[in-house]
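Taking it in order: structure first as structure tokens, then the write-up.
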Amino acid sequence: MKIYNTMTRQKEEFQPIHEGKAGIYVCGPTVYDYIHIGNARPMIVFDTLRRYLTYKGYDVNYVSNFTDVDDKIIKRANEEGVDASVISERYIEEVKKDMAAMNVQEASTHPKATEEIPDMIEMVKTLIEKGHAYEVNGTVYFRTRSFSEYGKLSHKNIDELESGHRAEAHQMKVSGEDEKEDFLDFVLWKPKKEGEPYWDSPWGQGRPGWHLECSVMSKKYIGDVIDIHAGGEDLIFPHHENEIAQSEAANGTQFARYWMHNAFLRIDGEKMSKSLGNFFTIREISEKYPLQIIRFFMLSAHYRSPLNFSDELVEAAKSGLDRIVTAYEKVKELAEKSEAGTMTPEEEENAAKLSDYITRFEAAMDDDLNTADAISVIFELVKFSNSTTGEASSKAYCEALQGTISKLCDVLGIIVEQEKELLDADIEALIEERQSARKNKDFARADAIRDELAARGIALLDTREGVKWKRV
Ligand code: AMP
Ligand code: ZN
């Protein structure tokens, strides 16, 4: 498989450090609110990368963090008058629900920054010992100029960066950052402020800087060298550049072999972001469209191309997905009903052509995860399926088509097999289980059952006469 590496600006053949294994680290969200559909793009794209590498036989270790200590979380906690952990725990749960609804698999590990503080302190200590970091008044800074390759990912020149920063010198003074040795230095550890969460450290009570988290969590759960590091393109500078500086300076070895960055999801030609206020949360969108459609929409463009979000394009994705699901259901139904067991010679000839579709699908995916072309191959496959099947088709031929369609869709995380409707008895059994979970104060389980039912179109109503339910 070829991957476009942001570092070398070229497509390169993917060669992992350990044969047959792939360690992938994807920067995860800061959990202070519901995620927006822009945030969903890296989740869906890199989940698809993971699925494809797994399909190709790699043993994938997929690590994606939750940044659960951050100014935005603290601000929100102060507004609500609760502990920061209440906010982060709440939104981690919500992000996980959104991920499940988009058929994004749970990571092998979802580390949380607040649970990895001792290792972060260790890395800061190492950096100080090696002369790459220094402390001033309880703040530890990375000495950027001590890392001679700084700027290699974003292709920025350190001297140009320096002059850019000089213009901000006044602002630095105001914010107290003029204590740094150099404008380019960035924070590894910062002292606590009143009302903020903090941890003890050799430099006093405080908390880690954001960039440090990823360097430490990727090292712990993957190793000093990771195969693929990924995230949105806004993270290239300074976040990933700083991660490289910290990790390579501390570990004395290359940090990541391949860097993958998705382009932005836009709305009306502008990037979608919280700060611009032009965003929709996944939750809002899910009221309008099943999230499977959103997944399909995201994959209908190449991940390095900007993608515009509009009702028109989502509607187009909806009809595209419908076409695939309908074709799948047709062959499935025909297979179930068919009386002819074995294939006719003509069907055998057609079945032999199925491997061509698989080969072309793989060629698209091997070309830097070209999901747009891979989807075109699936469209051709369903066209072929529709035109070569009918009432007289054999079971074996219909099953071969069914298997090929679902195999390729599965790599993309697209579900073609519609869930069977829940039977009344199943619903009542789940309601009973929820009642006893509540009695045992297992509210997490009780909520999970309610959410599962809601996801399958069953609304619960708690009344004085007990729980009532209806299909919505
Ligand atoms: P954040 O919580 O802002 O750090 O974002 C989490 C992830 O979403 C990062 O990988 C960002 O690069 C990515 N991201 C944020 N906004 C967008 C967008 N509009 N389109 C694509 N990716 C985005
Ligand atoms: Zn990161």
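We're numbering straight along the sequence, starting at 1. Counting starts at 1 for both ligands and their atoms, following the listed order.
Distance from atom 12 (O) of ligand 1 to its nearest protein heavy atom, with residue and atom name: Asp234 OD1, 2.4 Å. Distance from atom 22 (N) of ligand 1 to its nearest protein heavy atom, with residue and atom name: Gly38 O, 3.1 Å. Counting protein heavy atoms only, atom 17 (C) of ligand 1 is closest to Phe264 CE2, 3.5 Å. Distance from atom 19 (N) of ligand 1 to its nearest protein heavy atom, with residue and atom name: Met272 O, 2.8 Å. Here the protein heavy atom with the shortest distance to atom 16 (N) of ligand 1 is His36 CE1, 3.5 Å. The closest protein non-hydrogen atom to atom 4 (O) of ligand 1 is Thr30 OG1, 4.2 Å.
Neither the backbone nor the side chain of Lys274 has a heavy atom within less than 4.0 Å of ligand 1.
Less than 4.0 angstrom separates some heavy atom of Gly232 from each of these atoms of ligand 1: 10 (O), 12 (O). Under a 4.0 Å criterion applied to the non-hydrogen atoms of Asn262, ligand 1 contributes the atoms 21 (C), 22 (N).
The Zn ion (ligand 2) has an N, O or S atom of Cys214 inside 2.8 Å of it. Backbone or side-chain N, O or S atoms of Glu213 do not reach the Zn ion (ligand 2) at under 2.8 Å. At least one N/O/S atom of Cys27, from backbone or side chain, sits under 2.8 Å from the Zn ion (ligand 2).
With rounding to the nearest 0.5 Å, the separation of CD in Glu135 from OG in Ser201 is 8.0 Å.
Remark: Lys156 is positioned above the aromatic ring of Phe237, its terminal NZ or CZ atom under 6.0 angstrom from the ring centre and at most 45 degrees off the axis. For Arg41 and Tyr303, the positive end is not near the middle of the six-membered ring at less than 6.0 Å and at most 45° from its axis.
Checked against the Zn ion (ligand 2), the N, O or S atom of Glu243 at the shortest distance is OE2.
Shown here for Asn5 and Arg257, the closest heavy-atom pair between the two residues is ND2-O, 3.0 Å.
Checked against His229 for a ring pair (Phe, Tyr, Trp, His ring centres under 6.0 Å), the options Phe255, Tyr62, Tyr258 give a single hit: Phe255. Partner Phe142 forms a ring pair (Phe, Tyr, Trp, His ring centres under 6.0 Å) with one of Phe186, Tyr150, Tyr134 and no other, that one being Phe186. Between Tyr25 and the options Thr109, Asp227, Asn65, a side chain to side chain donor-acceptor pair (under 3.5 Å) holds for only Asn65.
Ring planes of His110 and Phe66: parallel class, angle under 30° (limits at 30 and 60°). The aromatic rings of Trp210 and His239 sit parallel to each other, their planes meeting at less than 30°, with 60° as the upper class boundary.
Taking each of Pro306, Pro42, Ser273, Ala263 in turn, the one with a heavy atom nearest to atom 13 (C) of ligand 1 proves to be Pro42. For atom 20 (N) of ligand 1, the nearest non-hydrogen atom from the set Leu265, Leu235, Ile37 belongs to Leu265. By heavy-atom distance, the residue among Val26, Asn39, Val31 lying nearest atom 1 (P) of ligand 1 is Asn39.
When ring centroids are compared, Tyr58 and Phe14 come within the 6.0 Å threshold.
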